[in-house]
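Predicted, not measured: the structure shown is a model, and the values here were computed from it.
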Amino acid sequence: MAGGRSSVIELAGQDKATLGEGPLWDHRDGRLLWVDIAEGAINVLSPSTSARQRIELGENVGCLALTARPDTVVGALRSGWHWINVETGEKRLIAGSPAGKMCRFNDGAVDRAGRFWVGTLEDGEKNPVGELFRLDADLTYRSMDQGFLCSNGIAWSLDQRWMFFVDSRRNAIYRYRSDVETGTIGARDLFVDTSDLPGIPDGIAMDGDGVLWCAFWDGAQVVGFDGDGVPRMTLNVPALRPTSIAFGGPELRTMYVTSARFGLSEEELRAWPASGSVFEVDRATPGLPANVFRADPWTDPR
């Protein structure tokens with residue numbers, strides 16, 4: 001594998017999540033946000049001051065989207081999409097979850113036009129009932145694809161012509177032809193079959209060189225793929241279950257990696273004591289800023 005391996009540094013003093021996921025960097029105030037899916041919480045960290053905050057939501061939360069207001073995000077909760085004030089914890093329902101019984105939202109991302117794409121999965125991840133949904137700025141939603149076991153990371157190519165989407169339980173990173181102007185996608189295509197790599201694919205993020213980075217659950221690594229789907233670099237993570245990736249810091253040159261303790265045995269936790277932490281590593285190539293959901297915050301559905 002070209003590019004070799006390098007170490008990832010643990011963020012000092014951070015509490016360990018049960019199921020850390022969905023990191024987002026808000027460049028406007030220099031804060032990192034991420035969720036603990038299992039505990040139903042949002043975590044907020046300001047690296048420059050070490051200030052931390054935790055917002056308890058009372059239900060599973062799969063991922064977040066930034067909005068025009070730094071104090072407000074959209075959360076994809078088990079019950080549906082919500083406006084959430086990350087200062088006070090106030091939340092208001094936008095739309096009830098379209099996922100079926102015993103299903104929930106998982107990972108998601110906002111496209112350059114401000115649409116919020118989110119996947120669903122069945123709790124047991126046994127039946128292919130997961131769907132890919134698109135929440136638009138008018139607060140309506142539609143199903144864009146279906147038939148997934150474990151919907152996961154979403155990202156776009158630098159030229160916006162491709163959307164990438166992970167189905168973890170199928171060891172697959174898919175891609176779709178994408179039209180950012182209309183929000184439509186083409187037929188699903190297999191970009192990478194990850195079966196030969198340690199672990200299973202989870203969250204993804206694109207960097208400024210067009211390298212698609214993927215966290216590998218049970219693989220203790222983050223892998224960078226080139227435009228042909230060839231793995232070019234691996235970063236070791238001191239947690240067995242890294243979950244997702246975001247680029248942050250003043251120049252977006254810090255890669256943040258979330259991780260999980262969920263499902264690990266006592267023996268595995270002894271072997272991987274940092275599991276559940278957020279990690280950071282400096283990168284020469286910056287990442288891309290997180291896009292903002294375009295609806296006016298706290299707007300009621302029509």
Review point. Which is it for Thr254 and Glu280 under the side chain to side chain donor-acceptor pair (under 3.5 Å) test, yes or no, and what are the steps along the way?
Key: CA-CA 6 Å; Thr254 301; Glu280 63 176 356; 5.0 Å; no

Just wondering, do [Y] and [X] contact through their side chains at under 4.5 Å, heavy atoms?
X: Glu59; Y: Lys91; value: yes
X: Leu132; Y: Met163; value: yes
X: Asp29; Y: Ser46; value: no
X: Tyr174; Y: Asp167; value: yes
X: Val74; Y: Thr67; value: yes
X: Arg253; Y: Pro286; value: yes
X: Phe279; Y: Thr258; value: no
X: Leu77; Y: Leu57; value: yes

Practice item. Look at atom CZ of Arg177 and say whether more than 12 heavy atoms of other residues, nucleotides or ligands are closer to it than 6.0 Å. Key: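 Above 12, so yes.
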
Just how far is it from atom [atom1] of [X] to atom [atom2] of [Y], taken to the nearest 0.5 Å?
X: Arg115; Y: Asp136; atom1: CZ; atom2: CG; answer: 6.5 Å
X: Leu121; Y: Ser168; atom1: CG; atom2: OG; answer: 8.5 Å
X: Ile55; Y: Asp36; atom1: CD1; atom2: CG; answer: 12.5 Å
X: Ser195; Y: Asn171; atom1: OG; atom2: CG; answer: 4.0 Å
X: Leu240; Y: Trp272; atom1: CG; atom2: CH2; answer: 5.5 Å
X: Trp83; Y: Arg69; atom1: CH2; atom2: CZ; answer: 9.5 Å

Look at the side chain of [X] and the backbone N and O of [Y], then say whether any donor-acceptor pair between them is shorter than 3.5 Å.
X: Asp179; Y: Gly183; result: no
X: Arg78; Y: Cys103; result: yes
X: Ser178; Y: Trp162; result: no
X: Asn106; Y: Ser151; result: yes
X: Ser97; Y: Ala99; result: yes
X: Asp193; Y: Ala172; result: no
X: Arg31; Y: Trp25; result: no
X: Glu268; Y: Ser265; result: yes
X: Asp71; Y: Asn85; result: no
X: Asp296; Y: Thr299; result: no

Check your understanding: side chain to side chain contact (heavy atoms under 4.5 Å, CB included) with Val44: which of Arg54, Gln53, Arg52?
Key -> Gln53

Review point. What about the rings of Trp34 and Tyr256, do their centers lie closer together than 6.0 Å?
Key: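 No, they do not, as the ring centres are separated by 6.0 Å or more.
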
Practice item. Give a yes or no on whether the ring-centroid distance for Phe133 and Phe116 is below 6.0 angstrom. Key: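 Centroid separation for Phe133 and Phe116: 6.0 Å or greater.
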
**Study point:** Test log, rule side chain to side chain donor-acceptor pair (under 3.5 Å), inputs Asp209 and Thr285
**Key:** CA-CA 7 Å; Asp209 282 341; Thr285 301; 2.8 Å; yes

Practice item. Kindly determine whether Asp111 and Arg134 satisfy salt bridge (Lys or Arg N to Asp or Glu O under 4.0 Å), including the steps that lead there. Key: CA-CA 10 Å; Asp111 68 23; Arg134 193 191 77 202; over 6 Å; no

Identify the two heavy atoms, one from [X] and one from [Y], that lie closest to each other, and give their separation to 0.1 Å.
X: Val110; Y: Ala65; answer: CG2-CB, 3.5 Å
X: Val86; Y: Leu33; answer: CG1-CD2, 4.2 Å
X: Leu24; Y: Ala290; answer: CD2-CB, 3.8 Å

Practice item. Test the Arg188-Tyr176 pair against the cation-pi criterion, namely NZ or CZ under 6.0 angstrom from the six-membered ring centroid and within 45° of the ring axis. Key: no

Exercise for review: Check the pair Asp218, Arg241 against salt bridge (Lys or Arg N to Asp or Glu O under 4.0 Å), reporting the backbone distance first and the verdict last.
Suggested key: CA-CA 5 Å; Asp218 280 343; Arg241 292 182 165 172; 2.6 Å; yes

Practice item. Among Trp156, Phe191, Phe225, Trp213, find the residue that satisfies the ring pair (Phe, Tyr, Trp, His ring centres under 6.0 Å) test when tested with Phe164. Key: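 Only match with Phe164 under ring pair (Phe, Tyr, Trp, His ring centres under 6.0 Å): Phe191.
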
Exercise for review: Would you please test Ser259 and Ser275 for side chain to side chain donor-acceptor pair (under 3.5 Å) and show each step?
Suggested key: CA-CA 6 Å; Ser259 68; Ser275 294; 5.8 Å; no

Check your understanding: Is the shortest side-chain N to carboxylate O distance from Arg261 to Glu39 below 4.0 Å?
Key -> no

